Amino acid sequence: MNWKEKYKDKIFTADEAVKHISSGDKIIFGDWVGEPPALVTALMQRADELKDVCIIHGMSPGPNAYLLPEYKENFRHISLFLGAKSRPGYRDGSVEFMGGSNFHEWPKMFESSSQLNPHWAFIQVSEPNEDGMCSFGNSCCFTEPAARTASHIIAQVNPKFPKVGGKMISLDAIDYIVPQESPLYTIGRFEPDEKTKTIADYVADLVEDGSTLQMGIGALPDAIARNLVDKKHLGIHTETITEATMDLIRCGALDNSMKTIHKGVCIGAQAAGSEEFYRFMDGNPMFELYPVDYVNDPYVIGKNYKQVSINACIEVDLRGQANSESIGGKQFSGIGGQLDHVRGARLSRGGKSILALNSTVKGDSISKIVPHFEAGNITTVSRYDIQYVVTEYGVADLKYKTERERAHALIQVAHPDFREELTYEAKKMGILY
Ligand code: COA
C-alpha cells in the first residue's frame, strides 16, 4: 500500500498541523539546514494568535522572521548557537543563549531540563522507504534527539530531501505528517585569500595518510581540502559533512578504509552544501548521519585511529587557552562541537587537534595571539586540551610543553609586528625571562 494511503489519518497540511500549537508551548526546530520551511512558514502565519511560544533552535538558515523584534511578544527563543541571524536578537534580549553545555550533551538536556524539554518537535524528513522509515536527510544532529524527546512530532516530508543512511525515523512515530516539497537550504563554496591558503598548506602537512578528519565549514576547511587531494585512505568522522568530502571521494583521496569504526563510511551529524552534493549523498552507502550525542561523543570520536580535528578560533592566549566564541567580552557564536572534537582527537591513537587562525584581524591592527584574554572573553578550549595552533606564520605544537615553551612557540606564529610586545607582556606575566 502507498504510504500516503496507509497514513492518511495522520496527513495534514502545514496550516492544519500547526493549529495544534498553543500559547506557552515549547517547540524545537530541526537543526540548521534541517529546519522545516513549510512548518515555520505556517507557524509565522499564526503568529498574531500566539503568545510566548518558546522556540528552541540552532543556527537559523532561512528568512527566520520568527527572530524579528516585532514578534517578541509572540515568540521567545532559546538559541543553541549564535549565528548572524540570531545575534541581533541576543543583543536586544529576545534570544536567550544556551551556553555552557557540550554539544554532544544537548540531547540529554532536552530530556532532563525542565526549561528545554519540548512539547513539539518540528522536523523535516525524506519520503519513507518501503518499511515506512524516513531519513533525516541532511540533518540528524539534534533533529533526531528533538523528535526523540518531544511530546509530539510534526514532520514535513520533503520529496527533495536526500535519503541518507544512519539513524532513521518511522512514520509511526510521527503525529502529524505534512507532505510538502520545499527547496533545500544550500551552502556555497568559499574562496580562500592568500593568508588562508598559507594556513591551509601548514594544516595539510599535519594530515597523514589514513587519517580520519573532522572539519567545519568555511574558507579554511575548503582550502585545506584542496590540499588533501594527494593523500591516501582518508576518512570522515565529523559534525558537518561538507561538499569538500565529495571532491575528496571523487579524486580518490578519501575512502574511509583506515577507519576503526564505521569503516568505509563517512560519519556526520549533518551535511551542508549544494544541490549537487545532496544528490551525491542521496542513497549513497558511503554516507551515514547519526545524532549529535553519538557523533560528537569524544569517546566515540576517540575510537578512530589518527583522528584529526580542524577548527577555527578567535584568539589564543600565551598560556595556550583558545577562545572560539566571544569578542569584546560578549558572546559571538557558540562552542558547537569544537571541544567535543578536540577532546576526541586527543583520545585517539595517533590523533591530532588543530586550531587554525589568521595571526591578525582588522587590517593587521589586532593580534589574535594575545598575552591574555580581555575580561569577559571565554575559554573554549583549555590549555589542558589544546594541541596544534596554526597561523600563516607556521605551526605551534603545544602538547606536553612547558609554559615557557608554549609562549615561545605561540610568539613565533604571531604576526611579526606584535612579537616584541607579546614577549614584553610574557615577561611581565612571569612566563618568559
Ligand atoms: N578580535 C576582534 N575581532 C575579531 C577577532 C579578534 N580576535 N577575531 C575575529 N574577529 C572578527 C572578525 O574581524 C570578523 O568581523 P567582521 O565580520 O566585522 O569582519 C568576525 O569577528 C568573524 O571573524 P572570522 O574570522 O570571519 O570568523 P569565522 O566566521 O571564520 O568564525 C569562529 C570563526 C571561531 C567564530 C567560528 O569558527 C566558530 O564559531 N567556532 C566555534 C564553533 C565551531 O568550531 N564549530 C565547528 C565544530 S564541529
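Computation of the quantities below employed the complete heavy-atom set of this structure, encompassing side-chain atoms and omitting hydrogens, waters and symmetry-equivalent molecules. Quick caveat, the model's predicted, so the values are computed rather than measured.
Within the model, atoms CZ of R343 and CG of L339 stand 4.0 Å from one another, a figure rounded to the nearest 0.5 Å. The distance from atom CD1 of I123 to atom CD1 of I169, rounded to the nearest 0.5 Å, is 4.0 Å. To the nearest 0.5 Å, atom OG1 of residue T242 and atom CZ of residue R189 are 8.5 Å apart. Note that CG of D317 is 7.0 Å distant from OG1 of T379, once rounded to the nearest 0.5 Å. Interatomic distance, CZ of F75 versus CD of E70, reported as 11.5 Å (0.5 Å rounding). Remark: S382 OG to Q321 CD distance equals 7.5 Å, nearest 0.5 Å.
For D31 against G58, the heavy-atom pair with the smallest separation is OD1-CA, 3.7 Å. Here the closest non-hydrogen pair linking V316 and F373 is C-CE2, 4.1 Å. When all heavy atoms of A17 and V178 are compared, the closest pair comes out as CB-CG2, 3.8 Å. Heavy-atom minimum distance, K10 versus A173: NZ-N, 4.4 Å. Closest non-hydrogen pair, Q338 versus T380, comes out as OE1-CG2, 4.3 Å. Scanning both residues, I224 and M215, for their nearest heavy atoms gives CG2-SD, 4.1 Å.
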task: Assess whether side chain to side chain donor-acceptor pair (under 3.5 Å) is satisfied between E392 and S359, documenting all intermediate values.
output: CA-CA 7 Å; E392 70 276 25; S359 66; 2.7 Å; yes
Criterion salt bridge (Lys or Arg N to Asp or Glu O under 4.0 Å) on R279 and E276, from CA distance to verdict: CA-CA 5 Å; R279 275 198 304 277; E276 183 197 354; over 6 Å; no
- request: Give the C-alpha distance, both sets of side-chain angles, the deciding distance and a yes or no for side chain to side chain donor-acceptor pair (under 3.5 Å) between T360 and K195.
  value: CA-CA 10 Å; T360 56; K195 271 190 194 173; 3.3 Å; yes
message: Between I21 and I27, does the side-chain contact (heavy atoms from CB on, under 4.5 Å) criterion hold? Intermediate values first, please.
response: CA-CA 9 Å; I21 308 301; I27 311 171; 3.9 Å; yes
- prompt: Passes side-chain contact (heavy atoms from CB on, under 4.5 Å), R346 versus S353? Steps please.
  reply: CA-CA 7 Å; R346 202 171 174 99; S353 82; over 6 Å; no
side-chain contact (heavy atoms from CB on, under 4.5 Å) between E96 and Y90, worked out: CA-CA 6 Å; E96 200 177 332; Y90 174 70; over 6 Å; no
- request: Could you walk me through whether L184 and V33 pass the side-chain contact (heavy atoms from CB on, under 4.5 Å) test, one step at a time?
  value: CA-CA 8 Å; L184 303 180; V33 286; over 6 Å; no
task: Begin with the C-alpha distance, continue with both residues' side-chain angles, and end with the deciding distance and a verdict on side chain to side chain donor-acceptor pair (under 3.5 Å) for D255 and S257.
output: CA-CA 5 Å; D255 60 11; S257 62; 2.8 Å; yes
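No side-chain N or O of N74 forms a donor-acceptor pair with one of D48 less than 3.5 Å apart. If you check the side chains of Y290 and E288, you find a donor sitting under 3.5 Å from an acceptor. For the 3.5 Å distance criterion, the side chains of Q124 and S139 fail to qualify, holding no donor opposite an acceptor. In summary, the side chains of S211 and Q307 do not present any donor paired with an acceptor at a separation below 3.5 Å, with no hydrogens or angles considered. In summary, the side chains of Q331 and E325 do present a donor paired with an acceptor at a separation below 3.5 Å, with no hydrogens or angles considered. N2 and E5 share no donor-acceptor pair across their side chains, judged by distance under 3.5 Å alone. In summary, the side chains of N323 and E315 do present a donor paired with an acceptor at a separation below 3.5 Å, with no hydrogens or angles considered. Looking only at atom types and distance, the side chain of E243 has a donor-acceptor partner in the side chain of S274 under 3.5 Å away. Side-chain polar atoms of Y7 and D172 form a donor-acceptor pair below 3.5 angstrom.
Within a 6.0 Å sphere centred on NZ of K108, heavy atoms belonging to other residues, nucleotides or ligands number 12 at most. Within 6.0 Å of OH on Y185 lie more than 12 heavy atoms contributed by other residues, nucleotides or ligands. The environment of K167 atom NZ is sparse: at most 12 non-hydrogen atoms of other residues, nucleotides or ligands sit within 6.0 angstrom. Other residues, nucleotides and ligands place no more than 12 heavy atoms under 6.0 Å from the NZ atom of K330. Counting non-hydrogen atoms of other residues, nucleotides and ligands closer than 6.0 Å to CD of E73 gives a total of 12 or fewer.
For F29 and Y66, the ring centers sit closer than 6.0 Å to each other. Ring centroid separation for the pair H119 and F110 does not come in under the 6.0 Å cut-off. Residues H77 and H57 bring their aromatic ring centres within 6.0 Å.
With contacts defined as side-chain heavy-atom distances shorter than 4.5 Å, the pair K259/N256 qualifies. Annotation: side chain of S367 is not in contact with side chain of H415 (no heavy-atom distance under 4.5 Å). Inter-residue side-chain proximity for E374 and N377 is flagged as met; some heavy-atom pair is nearer than 4.5 Å. No side-chain heavy atom of P162 sits less than 4.5 Å from a side-chain heavy atom of F277. Using a 4.5 Å cut-off on side-chain heavy atoms (C-beta onward), L116 and I56 make contact. Side chains of T245 and L248 form no contact here, defined as non-hydrogen atoms less than 4.5 Å apart. Annotation: side chain of I78 is in contact with side chain of C54 (closest heavy-atom distance under 4.5 Å). Side-chain atoms of I354 and N311, non-hydrogen and from C-beta on, never get closer than 4.5 Å to each other.
Every residue two or more places apart in sequence or in another chain that forms a ring pair (Phe, Tyr, Trp, His ring centres under 6.0 Å) with F287 is listed here: F280. Looking at residues two or more places apart in sequence or on another chain, you find a ring pair (Phe, Tyr, Trp, His ring centres under 6.0 Å) between F12 and Y176.
Screening residues 74-94 for salt bridge (charged side-chain N to carboxylate O under 4.0 Å, His left out) gives D52-R76 as the qualifying pairs, with residues at least two apart or on separate chains. Applying the salt bridge (charged side-chain N to carboxylate O under 4.0 Å, His left out) test to pairs two or more places apart or on separate chains, those with a residue in residues 132-149 are E111-R148, E144-R148, R148-D293. The ring pair (Phe, Tyr, Trp, His ring centres under 6.0 Å) contacts involving residues 221-243 comprise nothing, where partners must be two or more places apart or lie in separate chains. Contacts classified as salt bridge (charged side-chain N to carboxylate O under 4.0 Å, His left out) and involving residues 205-232 (residues at least two apart or in different chains) are given here: E191-R226, E208-K306, E208-K352.
The main-chain N or O of S182 is found under 3.5 Å from a side-chain atom of N158 such that the two form a donor-acceptor pair. In this structure, the side chain of D25 does not engage the main chain of V53 through any donor-acceptor pair within 3.5 Å.
Classification of K19 and E16 as a salt-bridged pair fails, no side-chain N sitting under 4.0 Å from a carboxylate O.
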